[in-house]
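Here's the structure we're looking at; comments come further down.
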Amino acid sequence: MSAATAIQLGKDLIGLETVTGDTIRAILDTAEPFKEISERPIKKVPVLRGKTIVNLFFEPSTRTRISFEFAEKRLGADTVNVAASGSSVVKGETLVDTARNLEAMRIDMVVIRHGSSGAAQFLADRIPSNVINGGDGQHEHPTQALLDLLTLRDAFGRIEGLKVCIVGDIRHSRVARSNIFGLRKLGAEVAVCGPRSLIPVGIEDLGVRVFGHVEEAIEWADALNVLRLQLERMNAGFIPSLREYNRVFGVTHARLERAPRRTVVLHPGPMNRGVEIDSDVADGPQSVILPQVTNGVAVRMAVLYLLAGGRPEQAEEAKKGEE
Amino acid sequence: MTPETARRLLDAAGVDEALRRLAGEMAPRDGEEGLLLVGIRRRGVQLAARLAAILQDERGVEVPTGSLDITLYRDDLHQIGPMPVIGMTEIPTEITGRRVVIVDDVLFTGRTIRAALNELSDFGRPARIELCVLVDRGGRQLPIQADYVGIRVAADERDLVEVRVPELDDESSVTLVEGREEE
């Protein structure tokens, strides 16, 4: 096998900010053959047979955790799920101690979801196992952005030149950040739209335009990525009320009908129907929300496969950092 | 390639003749239905397509073809570092109960065929699985033999047997290059 036909992803996947456009394309291309495996009568290939993967989830997650678990199992890996509640984390164990204990049980990969930005990198620097960021604080959620990119590529046949607007709580969203990095690197035009209180200052520096009205965003965009409005934001005073938010920023059938083209609608889930997205949009013909879920498994299989070929010398480096 | 150590085993006409003979040998008999040809990526896929075309032209039987990418079933994946690019696997029909002929360009160690057998069995339970190769070069490391063989050549372990197909290489030929590592 010559070098040109192999793909190097390194030891970890922490975010899309530090990954090249070519690497992102290689991950998406690798996801294509993995889609087919989930359609087989026996949905399992032996590529990670004998590997042990720990899903370390310090924050609640249904979709991402299950998606990773399916991806791992369909590659033949053995998996262990550790949730923060019900583990020694609640007894005050630090992240590094938890990880070192898992390492001592001879694991190969860790998928980590954590409430603090930087937690995945922190872990990756200290353990020799491959680390995949399953979402860290307000930093990044790279596999979500990759599945969004794959779904957009399926819908349009390309990413380059697409106009994609991310709608909602941009300020607190790791999904928004990862999407912005990924879309920009693949040559898409990116905009964000939401209440001023939920748009971070200086976001234009990322090469992103800002719409204050969702009608303008719909007028402009080929695709809308509608983010979940985290309900706790309302109590923190970022928006006046859910009804008000829906009235001003809700992606509704009536608004989409006025679009100059057929707008494709994505949502990372879980949805607040009737708040950021109306049911007739979520379940309508523009929606690619369920294809996103299907693609999530394929994209995560691709990432796991590529990381399994990660450079051993990087693992050695991480091991040194541990001592 | 250094010309003085390369020996042409089959030219385009030779490949064509070999494929016609192989198609005749594997052709359905006594009203048998359900033959399926599955080519191994990459060059087995083109060879399977040509075998199917010959069966259609000369015998009027329509034989479906599929393709297998065996990368995920390789037994050396954990040894090779960066992961290879994976091609598409496409099996167009239910395989349970059918006679399936696996088609590959060169049979060498037998490890690719072992991987293909494992992958096929994840799609169902064929009535029978057979193997067709254009070149059997010897050097088996597993107890695997072909049912249909275009040509046999006793190649050294370090020799390279190169099959070219028009779709990928702009010509149709089989060449033995001496003293080179395969891959």
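Quick note on labels: first sequence line is chain A, next is B, and so on, each numbered from 1.
- Counted within 6.0 Å of CD on Glu160(A), heavy atoms from surrounding residues, nucleotides or ligands total 12 or fewer; the atom is thus considered open.
- For Arg128(B), the CZ atom is loosely surrounded, since the number of other residues' heavy atoms within 6.0 Å does not exceed 12.
- Of all heavy-atom pairs spanning Gly87(B) and Pro33(A), the tightest one is O-CB, 3.5 Å.
- Atom CD of Gln141(B) sits in a crowded spot, with more than 12 heavy atoms from other residues, nucleotides or ligands closer than 6.0 Å.
- For chain B, no part of Leu48(A) is nearby; none of its heavy atoms comes within less than 4.5 Å.
- More than 12 heavy atoms of other residues, nucleotides or ligands lie within 6.0 Å of CZ in Phe156(A), so this atom counts as buried by the packing criterion.
- Annotation for Arg125(B): atom CZ does not count as buried by contact number, only 12 or fewer foreign heavy atoms lying within 6.0 Å.
- Taken to the nearest 0.5 Å, the CD1 atom of Ile86(B) stands 8.5 Å off from the CE atom of Met301(A).
- Other residues, nucleotides and ligands contribute at most 12 non-hydrogen atoms within 6.0 Å of the CD atom of Glu17(B).
- The distance from the CG atom of Leu304(A) to the CE atom of Met83(B) is 10.0 Å, given to the nearest 0.5 Å.
- Taking OH of Tyr305(A) as the reference point, atom CG of Leu72(B) lies at 6.0 Å (rounded to 0.5 Å).
- Put simply, CD on Glu39(A) and CD1 on Ile91(B) are 14.0 Å apart, with the number rounded to the nearest 0.5 Å.
- When every heavy atom of Glu36(A) is checked against every heavy atom of Phe123(B), the shortest pair comes out as OE2-CZ, 3.2 Å.
- Only the backbone of Lys44(A) comes within less than 4.5 Å of a heavy atom of chain B; no side-chain atom from C-beta onward does.
- A 6.0 Å sphere centred on CZ of Arg49(A) holds no more than 12 heavy atoms belonging to other residues, nucleotides or ligands.
- Val47(A) is listed as a side-chain neighbour of Leu77(B), based on a closest heavy-atom distance under 4.5 Å.
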